[in-house]
A.B. asks: 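The structure follows.
Computed from a predicted model, the values in this text were never measured in an experiment.
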Amino acid sequence: MHDILTTTANSLHGFHINQELGVVRGIIVRSRSIVGSIGAGIQTLFGGNISIYTKLCEQARAEAFDLMKQHARELGANAIIAMRYDATEIAPGVTEVLCYGTAVLVQQG
């Protein structure tokens, strides 16, 4: 499986966009476990980075990113431009992470 080039910019330096294939997205809905919530509660007592939540957020973003790239491959794209993340709490302790962008066909030049 080839890797998809990605950027938050509207173009890829050194590449020409031959065709825009449309919006692609990856969506993950995650909840905190009871054990994770208790561990995070303990970490909040000491202040600083709450590593349990950081790890959960990083995993959710990575999964959403991978799903977005898979969607782009299904459309025949070799790159994604204007990539963004969005997150919404849809219920207490339940968060949706969305990764989206525009799938394109590019060539060097």
A.B. asks: Rounded to the nearest 0.5 Å, how far does CD of Glu20 lie from CG of Leu75?
C.D. replies: 12.5 Å

A.B. asks: Return the CD1 to CD distance between Ile90 and Glu96, rounded to the nearest 0.5 Å.
C.D. replies: 6.5 Å

A.B. asks: Does a side-chain heavy-atom distance below 4.5 Å link Arg73 with Ile4?
C.D. replies: yes

A.B. asks: Any sub-3.5 Å donor-acceptor pair from Asp86's side-chain atoms to Leu98's backbone N or O?
C.D. replies: no

A.B. asks: Between atom CD1 of Ile81 and atom CG of Asn10, what is the distance when rounded to the nearest 0.5 Å?
C.D. replies: 6.0 Å

A.B. asks: If you measure from CD1 on Ile17 to CG on Leu105, what distance do you get to the nearest 0.5 Å?
C.D. replies: 10.0 Å

A.B. asks: Among His71, Arg84, Met68, whose side chain to side chain contact (heavy atoms under 4.5 Å, CB included) with Arg25 holds?
C.D. replies: His71

A.B. asks: Hey, any chance Met83 and Val24 share a hydrophobic cluster, counting ILVMFWY side chains that come within less than 4.5 Å of each other, even indirectly?
C.D. replies: yes

A.B. asks: Would you indicate whether the side-chain heavy atoms of Lys69 and Asp3 approach each other to under 4.5 Å?
C.D. replies: yes

A.B. asks: Looking at CD1 of Ile28 and OG1 of Thr95, how far apart are the two atoms once the value is rounded to the nearest 0.5 Å?
C.D. replies: 12.5 Å

A.B. asks: Roughly how far, to the nearest 0.5 Å, is SG of Cys99 from CZ of Arg61?
C.D. replies: 10.0 Å

A.B. asks: Would you check if Ile27 and Leu67 make a side-chain contact, meaning some heavy-atom pair closer than 4.5 Å?
C.D. replies: no

A.B. asks: Please say whether more than 12 non-hydrogen atoms of neighbouring residues, nucleotides or ligands are located less than 6.0 Å from CD in Gln59.
C.D. replies: yes

A.B. asks: Would you say the side chain of Phe65 lies within less than 4.5 Å of the side chain of Thr6, judging by non-hydrogen atoms?
C.D. replies: yes

A.B. asks: Which pair of heavy atoms, one from Ile80 and one from Val104, lies closest together, and at what distance?
C.D. replies: N-CG2, 4.4 Å

